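Here the structure comes first, spelled out in structure tokens, and everything after it is commentary.
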Amino acid sequence: MRSLNKFIVRLPKKFNDSVKIGDSEIFVETKYDEFRHRVMEGEVVGCPLKFDTPVKDGDTLYFHHHVVVQGGTPIEGLKDCYMVMYDPEVSMNSQAFAYKCKDTGKIEPLSNWCLLEPVEENLGLKSSIIEVVEHKKENPTQGRVVYASKMCYEMGVNPGDVVGIGRNRDYRLMVDGTEYYRTRAEDFLYVVEE
């Protein structure tokens, strides 16, 4: 099946509502923290006709949580299938962030999205007398580029570079069991020179 300008993904479950422990499965109530338990990856069953993408049927697509929360965009008549918006030029219009090729296992970002790993920020306070106590963990303002978009390279930013990002530009995403921050290349504020 092909969509005109969106990806189609198969999602047997919209929420991660169970945990396997040995042979037992424990079910979790997700309605109180829908955001934390939402599924943000699925098998591609249709690619957009309008755009020439490297993504193929059977690949894994990583996407924004809006695909599943608040009803998402299910496709009538197709069991467990949902639409994922995509725009190769404007990342704000693209719910698809990255994909993993089923043949190679290689992960690539889509549009201008990038995947960053968090970087511990130095508070700059060192003392044997004073102990720094944090009551609330602030969102990070720096990340190391792991998966770079085309726009990153155009800006001279490469994988391994540490970049500054604004507060609340650090949306978390699990990819192959590793948590990354997804952000847009145009949201980079600076590159740290080491």
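From a predicted model like this one, the values you see are computed outputs, not experimental measurements. Heads up: numbering here begins at 1 and tracks the sequence. When reading the values below, keep in mind they use all heavy atoms of this one structure, side chains included, and skip hydrogens, waters and symmetry mates.
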Could you tell me whether the side chain of Trp113 and the main chain of Ser94 form a donor-acceptor pair under 3.5 Å? yes

Please test Arg182 against Leu115 for side chain to side chain contact (heavy atoms under 4.5 Å, CB included), starting from the C-alpha separation and ending with a verdict. CA-CA 5 Å; Arg182 61 161 171 84; Leu115 299 178; 3.8 Å; yes

Mind checking what makes side chain to side chain contact (heavy atoms under 4.5 Å, CB included) contact with Met155, not counting sequence neighbours? Met151, Val157, Ala185, Phe188

Spell out, as yes or no, whether a donor-acceptor pair under 3.5 Å connects the side chain of Arg144 to the backbone of Gly160. yes

Pair Gln142-Tyr190, side-chain donor/acceptor within less than 3.5 Å: yes

Are Val90 and Leu110 grouped together when hydrophobic residues (ILVMFWY) are joined by side-chain heavy atoms under 4.5 angstrom apart? no

Does the Glu41 side chain pair with the main chain of Leu61, one donor and one acceptor, at a distance under 3.5 Å? no

Verdict with supporting geometry, Glu186 and Ser91, side-chain hydrogen bond (donor to acceptor under 3.5 Å, both in side chains): CA-CA 9 Å; Glu186 58 261 35; Ser91 46; 2.9 Å; yes

So does Asp59 pair up with Lys56, basic N to acidic O under 4.0 Å? no

Treat each ILVMFWY residue as a node, draw an edge where side-chain heavy atoms are under 4.5 Å apart, and state whether Phe51 and Val67 are in one component. yes

Nearest-0.5 Å distance that lies between atom OH in Tyr181 and atom CG in Leu173: 11.5 Å

Determine whether the side chains of Ser111 and Glu89 contain a donor N or O and an acceptor N or O closer than 3.5 Å. no

Please confirm whether Phe97 and Tyr62 have ring centers closer than 6.0 angstrom. no

Charged N to carboxylate O below 4.0 Å: is that the case for Asp176 and Lys100? yes

Are the aromatic ring centres of Tyr180 and Tyr147 under 6.0 angstrom apart? yes

